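Input: a single structure, listed below in structure tokens.
Remember, it's a predicted structure, so these values are computed and weren't measured experimentally.
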Amino acid sequence: MSSRLIGVGVGPGDPELVTVKGVNALRAADVVVVPVMGAADGQDGGEPGRAEATVLHYVAAEKVVRVVFALNERTDRTRREAAWDAAGERVAALLGRHGSVAFATIGDPNVYSTFTYLAQTVAALVPGLVVETVPGITAMQDLAARSGAVLTEGTEPLTLVPVTAGSAVLEEALAGPGTVVAYKFGRQAAEVAGALARSGRLQDAVWGSALGLPEESVRPAAELDGAPLPYLSTLIAPPRRDGGRGGKL
């Protein structure tokens, strides 16, 4: 039988937002891999990540394997790719001993997920590998539910941008129609607040971090004061909706 690598989306942090299919996939796998942040020397930093904390609500700790990733490494490409290679080799070795390995990722495995790079690496190392994904609830969906923000109406488009690509990408999106969602904007909160003000979207926008966790914060974007926020902060900036009910149909 072919080896199976399953990317399982475990949502933004609230254990209740893991789907039934996701829980079943985690429990059915022989091993569940969770990504952890590497220390300066590339070793396991010790702190449990959000994916690991969520998985442990449903899977016994002895079934969970922590694998180090350079999760936030953007400046040193050599170090980042070396970490991807090492992680891929570790997972390939696990697949050599087990028929199925699940990889737990926050959010959805097909939306800005480390699983994409892992699957590419492992597929090159394990002949005949079958790669599957189980969708997960995204941070923008959870923030919309917790804040009451409506993501789309009628014919409105929805634009998702990572602010790690630069504030110019966000500025361009805000100049267009429809709702704009920004991921990973915490370190550039001041630039984001300025872009929202210039686009006229500041008053209706909302941001959130640590959704579903004890340290959760969901606040109006108008309260942004330029101070850095948690890296995994999410922003929803709806368009003006002046046409009344169904005005965008």
Side-chain angles (χ1 to χ4, degrees), residues 1-38 44-69 71-72 84 87-88 90-119 121-123 126 129-147 183-184 208-218 230-234:
M1 294 181 63
S2 298
S3 299
R4 295 171 63 235
L5 177 62
I6 309 103
V8 181
V10 297
D14 184 344
E16 292 187 272
L17 292 181
V18 185
T19 66
V20 173
K21 186 170 185 176
V23 171
N24 289 341
L26 293 172
R27 290 175 173 169
D30 298 319
V31 173
V32 177
V33 169
V34 294
V36 297
M37 185 78 71
D44 188 336
E47 291 295 322
R50 196 174 300 183
E52 180 180 3
T54 304
V55 165
L56 290 174
H57 280 80
Y58 299 104
V59 175
E62 56 266 24
K63 187 175 172 176
V64 176
V65 175
R66 296 161 58 96
V67 174
V68 173
F69 284 80
L71 295 174
N72 294 343
W84 287 348
R90 179 85 185 279
V91 173
L94 289 171
L95 285 163
R97 301 191 299 272
H98 306 280
S100 64
V101 172
F103 178 87
T105 177
I106 60 170
D108 182 278
N110 293 306
V111 180
Y112 299 129
S113 170
T114 304
F115 179 73
T116 303
Y117 315 121
L118 177 70
T121 305
V122 178
V126 180
L129 177 70
V130 174
V131 177
E132 304 171 4
T133 57
V134 177
I137 292 172
T138 61
M140 65 177 169
Q141 292 169 290
D142 194 15
L143 178 57
R146 294 177 187 277
S147 67
Y183 277 0
K184 304 177 183 179
S209 64
L211 302 173
L213 302 176
E215 63 271 29
E216 174 185 294
S217 181
V218 175
Y231 175 71
L232 291 177
S233 295
T234 298

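No side-chain heavy atom of P35 sits under 4.5 Å from any side-chain heavy atom of F115. By the 4.5 Å heavy-atom criterion applied to side chains, T105 and T114 are not counted as neighbours. No side-chain heavy atom of F103 sits under 4.5 Å from any side-chain heavy atom of V101. The shortest distance between side-chain heavy atoms of I106 and L232 falls below 4.5 Å.
Here D14 pairs with E16, L17, R146 under the side chain to side chain contact (heavy atoms under 4.5 Å, CB included) rule; sequence neighbours left out. In terms of the side chain to side chain contact (heavy atoms under 4.5 Å, CB included) criterion, residue partners of P230 (sequence neighbours excluded) are, by chain and number, S209, S233. Every side chain to side chain donor-acceptor pair (under 3.5 Å) that T138 has, sequence neighbours left out, goes to Q141. Residues passing the side chain to side chain donor-acceptor pair (under 3.5 Å) test with N110, sequence neighbours excluded: T133. Partners of V126 by side chain to side chain contact (heavy atoms under 4.5 Å, CB included), not counting sequence neighbours, listed by chain and number: S3, A92, L95, V122, L129. Contacts of E215 classified as side chain to side chain contact (heavy atoms under 4.5 Å, CB included), with partners at least two apart in sequence or in another chain: A210, L213. In this structure Y112 satisfies the ring-ring contact (aromatic ring centres under 6.0 Å, His included) test with no other residue, sequence neighbours excluded. Scored by the side chain to side chain donor-acceptor pair (under 3.5 Å) test, T121 finds no partners at all (sequence neighbours excluded). In this structure R90 satisfies the salt bridge (charged side-chain N to carboxylate O under 4.0 Å, His left out) test with no other residue, sequence neighbours excluded.
Taking both residues in full, the closest heavy atoms of I6 and S100 are given as CD1-CB, 4.2 Å, listed atom of the first, atom of the second, then distance. Heavy atoms only, all atoms of each residue included: L56 and A61 are closest at CD2-CA, 3.8 Å. Considering all non-hydrogen atoms of both residues, L211 and A139 come closest at CD1-O, 3.6 Å. Of all non-hydrogen atoms in A87 and V68, the two that sit nearest each other are CB-O, 3.8 Å. For the residue pair G136 and D108, the shortest heavy atom distance occurs at N-OD2, 3.0 Å. The two residues V32 and A104 have their closest heavy-atom pair at CG1-CB, 4.4 Å.
Under the salt bridge (charged side-chain N to carboxylate O under 4.0 Å, His left out) criterion, no residue pair touches residues 18-33, with sequence neighbours excluded.
Side-chain N or O atoms of Y117 include none that pairs as donor or acceptor with a backbone N or O of G88 at under 3.5 Å. Although no hydrogens or angles enter the test, the distance criterion places no donor-acceptor pair under 3.5 Å between the side chain of Y58 and the main chain of G22.
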Trace of the side-chain contact (heavy atoms from CB on, under 4.5 Å) decision for V10 with L26:
CA-CA 10 Å; V10 297; L26 293 172; 4.2 Å; yes

